[in-house]
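Heads up, the thing below is written out as structure tokens.
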Amino acid sequence: MDKVIIEGGSKLSGKVDISGFKNAALPIIVGTILANDKCKIDNLPMIGDVYNLVKIMEMLGAKVYLDESGYMDIDTSTIRDPILIDEITRKMRASYYLLGACLSRFGEVKVLYPGGCNIGVRPIDQHIKGFEALGAKVEVEHGVISCKANRLIGSKIYLDVVSVGATINIMMAATMAEGTTIIENAAKEPHIVDMANFINAMGGNIRGAGTDIIKVNGVNKLHGCNYSVIPDQIEAGTYMIAAAAAKGDVIINNVIPKHLEPISAKLIEMGVEVAEYGDSIRVNGNSNMKSVNVKTLPYPGFPTDLQQPMTALLSGVKGTSIVTETVFEGRYKYVDELKRMGVDITVDGRTAIIKGVDTLMGSKIRATDLRGGAALIIAGLMANGTTEIEEAYHIERGYENLISKLLNLGAKVKEE
Ligand code: EPZ
């Protein structure tokens with residue numbers, strides 16, 4: 001998908017089904033390495049990052065069958081060599097999960113420094129701190145990371161920053177270590193819990209995921225399992241924001257409302273109607289939305305991955321809203337693109353001051369990263385006239401069937 005073209009102004013209405021969670025699916029696919037066996041995974045999102053990761057797993061030697069329904073059969077017993085020096089791993093952040101998984105299974109690993117969205121410096125010092133605390137020797141040279149350990153020994157690790165990636169990587173590295181590992185100040189996101197449940201389904205012994213203290217009791221060996229990925233909190237949040245932006249009435253199916261509480265609360269504060277039903281949420285937008293302040297935080301705070309779509313919504317809401325991005329230091333690159341549509345946003349470091357405008361104007365703009373691209377889609381739905389979003393491949397990395405889902409909700413949208 002190179003370009004998305006949107007005719008703005010349509011009210012969204014109807015139902016949309018949410019896909020599997022990208023940020024749970026990626027560590028789960030890599031986590032199958034720990035099993036050294038066959039796993040059956042379903043509810044995987046059919047998105048660019050999953051296709052990319054399948055290529056990476058096949059390059060490592062795994063046998064992978066993936067069908068369009070999101071069902072995967074994967075055999076990692078055929079992986080022999082935990083070394084992959086190939087540009088493909090730089091296309092995505094989640095390739096860093098190869099570190100924890102291979103170190104745990106093989107006692108060694110060598111891969112390129114991970115890539116991913118350009119939203120800040122994104123160091124991996126906390127991952128390395130965890131691996132070293134477990135007894136691994138870690139070297140980073142010429143963009144290559146290599147880790148080696150004769151024996152991983154359980155340890156107490158306090159994370160200096162709440163990191164999703166470091167929490168999951170250390171959980172994997174500690175799964176078959178000798179003794180117990182305690183991860184303190186751990187991330188609590190829903191996908192951390194999903195990953196711990198997956199490892200436990202393979203015979204692991206992880207306790208406390210979802211709290212800031214995780215206990216990993218090392219086990220000798222894991223085995224294959226059948227597992228189903230949780231629904232995507234961020235995809236669901238994006239459609240909730242789109243429904244409000246397009247003043248529509250949308251039912252979002254296949255969600256876990258608890259995971260969406262930070263978003264529901266903010267939309268309700270704006271005066272949007274949000275109602276929860278079992279595994280769906282109904283969002284009813286209107287023209288009297290009021291401006292609010294948003295501060296992104298680790299879960300259960302407002303997710304940083306919805307900062308950009310939320311800012312786009314607020315750019316068309318009367319009054320002044322202040323958005324503070326506390327997780328990443330460079331996550332406002334999309335604002336320059338929104339300015340081409342006539343918004344009034346001033347960015348000062350990690351803060352964006354948004355003065356709502358009556359009308360956004362359709363324009364030619366460019367996606368800067370995955371969620372920045374989602375923000376431009378939201379703006380295009382709100383705008384007068386036609387918006388053309390170039391480099392739309394960024395968006396395809398994390399949203400399954402975006403165009404057909406929006407068309408089903410009554411949006412005037414197409415891809416080129
Ligand atoms: C994960 O990235 C997600 N990516 C991101 O989603 C998400 O924005 C982020 O978590 C926060 O929720 C995947 O799951 C693949 P972090 P990650 O480690 O693991 C600093 C999307 O749009 N930090 O929780 O890279 C870091 O720089 C993507 O789907 C260190 O300083 O995020 C950041 O400021 C974008 N040292 C903060 O912690 C470290 O070793 C949180 O980062 C690790 C992180």
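When a ligand or atom number is given, it counts from 1 through the structure's own listing order. Throughout, residue positions are numbered sequentially from 1 according to the sequence presented. A quick note: this is a predicted structure, and the numbers were derived from the prediction, not measured.
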* To do: Can you sort out the partners of Arg90 under salt bridge (charged side-chain N to carboxylate O under 4.0 Å, His left out), two or more places apart, ordered by chain and number?
  => Glu87

* Could I get the full list of salt bridge (charged side-chain N to carboxylate O under 4.0 Å, His left out) partners for Lys129, not counting sequence neighbours? => Asp160

* Examine distances only and state if a side-chain atom of Gln233 and a backbone atom of His259 form a donor-acceptor pair shorter than 3.5 Å. => yes

* Asked: Given the rule in the side-chain contact (heavy atoms from CB on, under 4.5 Å) test, do Leu66 and Ile74 qualify, once you have shown the distances and angles that lead to the verdict?
  -> CA-CA 8 Å; Leu66 175 70; Ile74 181 165; over 6 Å; no

* Structure fact -> Sorted by chain and residue number, the residues with a non-hydrogen atom under 4.0 Å of ligand 1 are Lys22, Asn23, Arg93, Tyr96, Ile119, Arg122, Pro123, Ile124, Asp125, Gln126, His127, Val161, Val162, Ser163, Val164, Gly165, Thr304, Asp305, Val327, Phe328, Arg331, Leu370, Arg371

* Is there a donor-acceptor pair closer than 3.5 Å between any side-chain N or O of Ser95 and the backbone N or O of Thr89? -> yes

* Asked: Sequence neighbours excluded, which residues qualify as salt bridge (charged side-chain N to carboxylate O under 4.0 Å, His left out) partners of Arg151?
  -> Glu178

